[in-house]
S.K.: 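Right, I'll just put the structure down here and ask away after.
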Amino acid sequence: METAKIRNFVFLSQSGAGKTSLAEAMLFLSGKTKKLGRVDDGSSILDFEPEEEKRKITISTACHHFSWKKHEVFFLDTPGDDNFNAEAKLATWAADNALLVVEATSPVKVQTEKVFAFVKEFGLPCAAFVNKLDREHADFDNACAALEERLGIRPVPVAYPIGKEENFRGVVDLIAMKAFEFEDGKPKSIDIPDDIAERVEELRANLIEFAAESDDELLEKFLEEGELTEEEIVRGLKRGILEGRFVPVSCGSAAKLIGIQPLMDLIVNFLPSPLERAAWEGETPSGDPEEREPSPESPVSLIVFKTFMDPYAGRLSFCRVVSGTLPEEGLLFNPIRDVKEKYANLGIPEGKEISSCAKAVPGMICVIPKLSETKTGDTLCDPDAPIIFPMPTLPHAVLTYALHPKTRADEEKIGAALAKLQEEDPSLVITRDEESREILLSGLGQIHIEATIDKLSRKYGVNVELSLPKIPYRETIKKPKEGVIYRHKKQTGGRGQFAEVHFHIYPLPRGQGFEFVETLVGMNVPRNFVPAVEKGVRQALEKGPLAGYPVVDVKVQFYDGKSHEVDSSDMAFMIAASQCFKKGIQECQPVLLEPIMELEIEVPDEVMGDVIGDINARRGRVLGMEPKDGKQIIKAQVPLAEVQRYALDLNAITGGRGTFRMKFSHYEEAPPQVAEKIIAQAKEAEEAK
């Protein structure tokens, strides 16, 4: 297979725009498949997981390919919900081109803006397809205007719809200036209808101007003659698309198979091959520049953009070949893990299935089974020509839940199961809170978490319940107490227990932790008991007097005591120290501390007031604001208890256009009414045990 005849692209859009239906239409019309699943019965050959059929959305990137006009076209169908943005970003990283699918009735929602940001980040040539023109209120011109206004691109229509809404029946090819009606996906040539002839001529002239401005030679000819040949238009458009000057826009209806073939022509005729894109970029990462050439003769290199744990085939690594020729079996080097990986049975993904493959060349999407060490984001290459393609930074987790295994069997299996889920989805963050002993699962949103829990149950038989994580409150003191004395004495026949300790207890500045000072004078207490005294105090610090939370920011001065030459022991002094501290802290005005988080929130200007008002309602403090690219960055501090589900609330306030980062800042004294509630809850929980 010639690299020059290969095209690959990633489908991007918001949920519901019809990416999967459009992908199925392409496969159907190219003869690759014999049915339209999403249109016919709601299922899809591109659905990877049962959770996708259940929710009727794409959750996991699907890969397939088809042949068209002597080209082999590979595509990646990505999720449109921002709960699964990590999948979309990794697929965009692996692709040479992007196809933005736009819904004619609601062209650009927030998620479209988010995925288009990936296109800009990776500098991909991009085309757009306005879908669902058969729907009520569909308007092609409005959709193009929305693309320009919301995404800041220059849309250039290369097709124009014939008919509107339920009367939509075909498209005009503005390059060839030919009109087609479609019946069961088959085009029939017709005359350009009179009612759109003027608009078509206007758009055709616009298209020629865009083609001309991409090339100095074409621009000179256009200025002199006012016209370009079809071949020259193609040349100019192709260069403009490659350089990101504009975005060609086609149109149709995936459900009615209208306008799909012109779109497939657009993909093979105008989107660049791996060779063309690399030649234009002229960029070389670390390594010998010659090793970067996307040529079948170069040393082999590929990136792993997806991992799937198959219950039968094991780990499947989905790769995009960057350079060289990858044989059916062989040895590859993973420079990130510093390991060599043997592989066999190279395959090509076809939705849920995998077909065998004798070799893969640059631009192809392939699957390598059973790699032992390689993970998503890694580079694989020729052992004699190492090179690394850095993995992009993935969207950060914004919502955290604690997982509680339902049975002992679930508890035993959960660790290994979560590790496998994290291999498939590197945007998941899995940690264990050492204080609460809770397993914490962090993800990109509520649906992301729920889909992960569904998969945990279905794939690995592990059932869990979710709760918000326990908040790590702390306790401290506000005033000192000197001269606290406690004597531990126990006589039970034979050797008894005796120890007496004298403490001064002082508050420390916030964040200082714990300080133990020994200032003994004389031999009332042998020095070998001092470590036991400190250990006893540290044990007492673990459960404070108010609600049983750890005590912090306290200094204990051990200045005197008494001992017995027979009955004193390390254990006796540990007990005495623990009880002395517990006794003394009650008289030091103990208070509850709550964790304060630092938030950096990015929101559109128009909702800034609503977001600030919400922060104030959460007992937060706004520290400052600064403008950035038409948005506002708000910096604030808010108690953790008020922002555990902030991702969901911010989405509601901003219509999904707000993002935030959160990290721990410090501890502060909880207001009395808040502290009373927490203490009461702690006592209830203790009594329920």
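Computed from heavy atoms alone, side chains included, the values below leave out hydrogens, waters and symmetry copies.
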S.K.: Is the shortest distance from a Lys or Arg side-chain nitrogen in E424 or K455 to a carboxylate oxygen in the other one below 4.0 Å?
M.R.: yes
S.K.: Taking ring pair (Phe, Tyr, Trp, His ring centres under 6.0 Å) as the definition, give me every residue that meets it alongside H65, ordered by chain and number, with sequence neighbours left out.
M.R.: F74
S.K.: Can a salt bridge be assigned to the pair R169 and E183 using a cut-off of 4.0 Å between side-chain N and carboxylate O?
M.R.: no
S.K.: Mind checking what makes ring pair (Phe, Tyr, Trp, His ring centres under 6.0 Å) contact with F140, not counting sequence neighbours?
M.R.: Y160
S.K.: Give every residue pair that meets the side chain to side chain donor-acceptor pair (under 3.5 Å) criterion with at least one member in residues 249-265, sequence neighbours excluded.
M.R.: W68-D265, K69-D265, D134-S253
S.K.: With distance as the sole test, does E276 use its side chain to make a donor-acceptor pair with the main-chain N or O of S273 at under 3.5 Å?
M.R.: yes
S.K.: List the residues meeting side chain to side chain contact (heavy atoms under 4.5 Å, CB included) with V110, not counting sequence neighbours, and say none if there are none.
M.R.: K114, R657
S.K.: Could I get the full list of side chain to side chain donor-acceptor pair (under 3.5 Å) partners for S427, not counting sequence neighbours?
M.R.: D425
S.K.: For the pair K19 and D77, find out whether any cationic side-chain nitrogen is under 4.0 Å from an anionic carboxylate oxygen.
M.R.: no
S.K.: Apply side-chain hydrogen bond (donor to acceptor under 3.5 Å, both in side chains) to the pair E87 and T61, showing each step before the final yes or no.
M.R.: CA-CA 6 Å; E87 287 272 332; T61 296; 3.1 Å; yes
S.K.: Any donor and acceptor pair, going by atom type alone, linking the side chain of R150 with main-chain N or O of V108 inside 3.5 Å?
M.R.: yes
S.K.: If you compare all heavy atoms of I336 against all heavy atoms of T379, which two are closest, and at what distance to 0.1 Å?
M.R.: CD1-N, 3.8 Å
S.K.: I'd like to know whether NZ of K459 has more than 12 heavy-atom contacts from other residues, nucleotides or ligands below 6.0 angstrom.
M.R.: yes
S.K.: Output yes when E72 and R7 qualify as a salt bridge under the 4.0 Å nitrogen-oxygen rule, no when they do not.
M.R.: no
S.K.: Residues in ring pair (Phe, Tyr, Trp, His ring centres under 6.0 Å) with H448, at least two apart?
M.R.: F84
